[in-house]
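Worksheet: the structure to be examined is printed underneath.
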Amino acid sequence: MSSQSGDPTTGSAEFFVPSGQDQEEGTEQAATEPTMADGAEELPTSAQHETSATQEEAAALPKYRPASGRYRSSGGSFQLELRVDVDSTRSGSKVLRKVSGDFFTTTGGTTAYFGSFTVHGPTVTWSATQVVINGLGSYTWQAGAPVVRVTIPRRPVGQPPAAATVQFVTVAGQAGASYLCPYISPYFRALTWEQDSVTGKIPFLAYNTGSLPRPPGSPARSLSVPGAFAEAGIQLLVSGAANVVADSPNGWTDSELHGAMQTNFSQWQNIPQWKVWLFVAGAYEGLAGVRGIMFDAADSFQRQGCAVFYDMIKGADAESQRAQLRTYVHELGHSFNLLHSWQKNLARPPAPLGPKGGFGDLSWMNYPQNYQSASGPTGTAAYWSDFPFQFTDNELIHLRHGYYRNVIMGANAFATGAADIEPELFDEPLADESGLRLGLRGAKSGFAFGEPVVVELKLETTDLRGRSTHGHLHPDDELVNIAIRQPSGRTVLYRPLRVRCVDHDETVRLDTGRPAVYASAYIGYGRDGHYFQQPGTYQLRASYRASDGSRIVSPVLRIAVRHPVTAADSELAELMMGEEQGKLLVLRGSDSPSLRSGNVALQEVIERHANHPFAVYARLAKGLNAEHEFKSLKPDKAGLAVRAPDTKAAIEQLAPVVKASQQGKGVDNLTLNLATRRLARAYARQGDLEESSTILDRLVRHFDTSAFNPHVVEAVRAQAESTKAKLMSDFGPA
C-alpha cells in the first residue's frame, strides 16, 4: 500500500499511520482568525433532526448526547486530537459549525507536534443513528487527502458517548487514512491554571451577572473565571491551592514579575504546554492605571504568565466585582494569543477588525472606556449595558479551533512574532476632523550603529476650542503603534515586550493652557528582537487611536543609523546589541539570573569605554536598577526575597547620566527628568535631603529656558516640587 511519507492523512487502511517527523506549522491562520460567514450558524440541537418530523413526533424522540466535544485516537505513529463543534454542549453555548484537529507523532516514549487542520463550514447530516460531517480542510502542511469525513454514532442521554471515526479523502475521492477517536471531553481544549497571590489581596471568585443591568437575553448566572472560559468551550483546571507570598508597597516591575513566574510557577517550563500562571499582585510600578499585564512576551516561550493588580481593581461591590472578572479573563485571553479588539489587523496574517475599528466589539478583549456602539452611546456605561460576558465569534474560533502553536502557551510568540505589515495600514486618512495632531521625532538627528534608538511623541490639539482624549501616548500602552521601514524596504511593526493593560479612563484636555502631551519611547528592541540591526536610513510613522476612534497618523520621520568607523565602534555595537542587553534597556535594568550575560556586557561598556556616549545608556540601566529594590519569590514559596536599594551604586551610575544629558550629550529630556528624580531619591534615601533638593532645583533650571514651552516648564516645576514633598515625607525627620 503506497502512501505519501510523513502525511497522516494518506493511506487506505483504518489506523494507517505512516512514519513522520515533527514539523513547524505554517502561518496560514492569524493569532486571531477571521470569522467565516457561517461561523455562528445555529445547527440543530441534540434532540432535533433534519427530517420533517412534526413537533409531536420530535417530542417523542429520545434526547441524544451532543456530538460536539473533543476526541482523541491512540496507538500507531500518529495521534489525532479532534474537535467537533456542530451542536451545543451546554445551555447558551454558541455553535460555530467547525471541525478541527491536531496531529502528533509518537516515537518510543516521546510525542511531538506534527500539524493542524480546520474545516470551516462543513456539511452536517443528522439521522436517528449518526451524525456525518464532511468538508475540505485547511492544513498547516500540504495534505495528500485534505477532505475530512467525521462519523459519530448517536447515543441517548445517559449512555456513554460514542467514538468518532475520521476518514481522510483525496480530492479525487480516494480514501486515505482513518482514525478511531474515543470521546474525551465536552470541552474543546483544557489547560491547567495556577494562581498565586500576595498577602492581604483576596483573589476574585465570582460575579453574579444579574447584580447590575445587563443586555436582554443575557442570563443571570454566577460567573467565575473558569466559568467564563467554560462558556467559550475551554476548561480551566485549577492547580491545587493558591500560594500566598509577601507583597511590596512599592509595586512590581516587569522584570520582577517574570522572575517571580520562573521561581514560583510550579509547572513552568520553557516548552509549549497547556499551563498558565496568573499572579494577583498589589500594584504595578512605573505607570498609574495598569489593571493587568501579560508580561511574558520577551523570550522564545511566551504567553505563560500574566498578572492582575489588586490595588487598581479591588472592591466588594457589584461594579468592582464585575470589572475584576473582566480583567482576569482579559489577561488570560492574551495568554491564549488574543489581541486587543482594535489590534487584530496587526496580527500575522491580519485579521479583520470588528465594527468601529474594533472599538465596537462586545468582547472581554475590548476596553470598556473605548467602546463605540453601533447605535451611538459610547464608553464604559454603554459597554456594560451591551456586553453579554462573552468572546466574539472570531475569538471563539481562535480559542477552540486555532492552530495548535497559535494558541498553546509557550509556542508561537504573541501576535505570532515578527511580521511584515502593509504600509497602507498607516496611510493618512482621507479626511481628518479629529482636532488632533501627532508628532514623531528622534531624540537625536542620527544614531550610531548599536546606539539605543529613542523617539519622542507629541500629541497636540489643532482646535482652539480644545479637545479631550486619552493620554496613553507610550507605545507600550498599545494605543499608539509605530511602523518602521528598514533600509531593505521591509516594513515591520514595533511590538513592545509586555502587554500592559491601562484599561481605565484617563482623559486629558488639550487646550491653550495645555496644548500638548508628550512621551519618550525606546523602540530599538521589542518582541521581535532588535529593529535597527543594520546601518542606513529608516522611515518611521506612528498611529494614535483617539478616544472617539479617530486614527491620527504622524508625518514620516527619517532617521539615519551611521556605519561604525573604527574597530572600537564595532566592538561597542556588539556589546550593546545582544538580546539580553536589549531586554535590560527596555526593563531599565534587572537582577534576573536569566539576564546575567546582558548585565556583564553593560558593565564592560562602563568599565572599558567609560567616556564613550554608549556608556550613558549602560549607566542608566544599571543605575535605575540599583536605585530600586528588586523583589523575587523564593523557590520554596516561603516568601519574598527583597534586594535593598544600593544608593551608592545608584548615585555612582546616575550622576554621570544626568550631567552628560544636561550638557546635551546623553539621554532625551523626558528620560533626563526620570533619571534626575531617581538620583534625587537615592540621595534622600541615604539621608542627604539638601543635595536631593539641589538636584531637583537644577532640573527645573535646565528646562526653564526659551527652548521649552512655558507649559512644559510649569509641568516640570510642579513635578519637582511634588517629588521634594514626597521625599521629605518618606525620608525626612520623623
Show every donor-acceptor pair shorter than 3.5 Å between a side-chain atom in residues 682-690 and any protein atom, with sequence neighbours excluded, or say none if there are none.
from, atom 1, to, atom 2, distance (Å)
R685, NH2, E627, OE2, 3.2
D688, OD1, E691, N, 3.0

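- Here the shortest heavy-atom pairing between R527 and P496 reads NE-O, 2.6 Å.
- By the 30° and 60° cut-offs, the orientation of the rings of Y367 relative to H330 is tilted.
- The CD atom of E194 sits 8.0 Å away from atom CH2 of W277, with the distance rounded to the nearest 0.5 Å.
- D317 and S320 are linked by a side-chain donor-acceptor pair at a separation below 3.5 angstrom, with hydrogens and angles left out of the test.
- Using modelled atom types, one finds no donor on one side chain facing an acceptor on the other under 3.5 Å when comparing W342 with D361.
- Classified by interplanar angle (parallel below 30°, tilted 30° to 60°, perpendicular above 60°), the ring pair F389/Y207 is tilted.
- The two residues S520 and D668 make their nearest non-hydrogen contact at OG-OD2, 2.8 Å.
- Aromatic ring pairs are classed by plane angle as parallel below 30°, tilted from 30° to 60° and perpendicular above 60°; the pair W274 and F336 is tilted.
- When all heavy atoms are compared, the tightest approach of G358 to S341 is O-CB, 3.3 Å.
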Check the pair F295, H334 against ring-ring contact (aromatic ring centres under 6.0 Å, His included), reporting the backbone distance first and the verdict last. CA-CA 10 Å; F295 55 81; H334 286 317; over 10 Å; no

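- Aromatic ring centres of Y371 and W384 lie farther apart than the 6.0 Å criterion allows.
- Just one residue in the list E629, R588, H628 forms a side-chain contact (heavy atoms from CB on, under 4.5 Å) with T253, and that residue is H628.
- Of all the heavy atoms in Y531 and G526, the pair that sits closest is CE1-N, 3.3 Å.
- Ion pairing between a basic and an acidic side chain is recognised when a charged N comes within 4.0 Å of a carboxylate O; D730 and R681 show no such pairing.
- Ion pairing between a basic and an acidic side chain is recognised when a charged N comes within 4.0 Å of a carboxylate O; E580 and K583 show no such pairing.
- Classification of the F387-W364 ring pair by plane angle, with boundaries at 30° and 60°, yields perpendicular.
- By the 30° and 60° cut-offs, the orientation of the rings of F391 relative to F229 is tilted.
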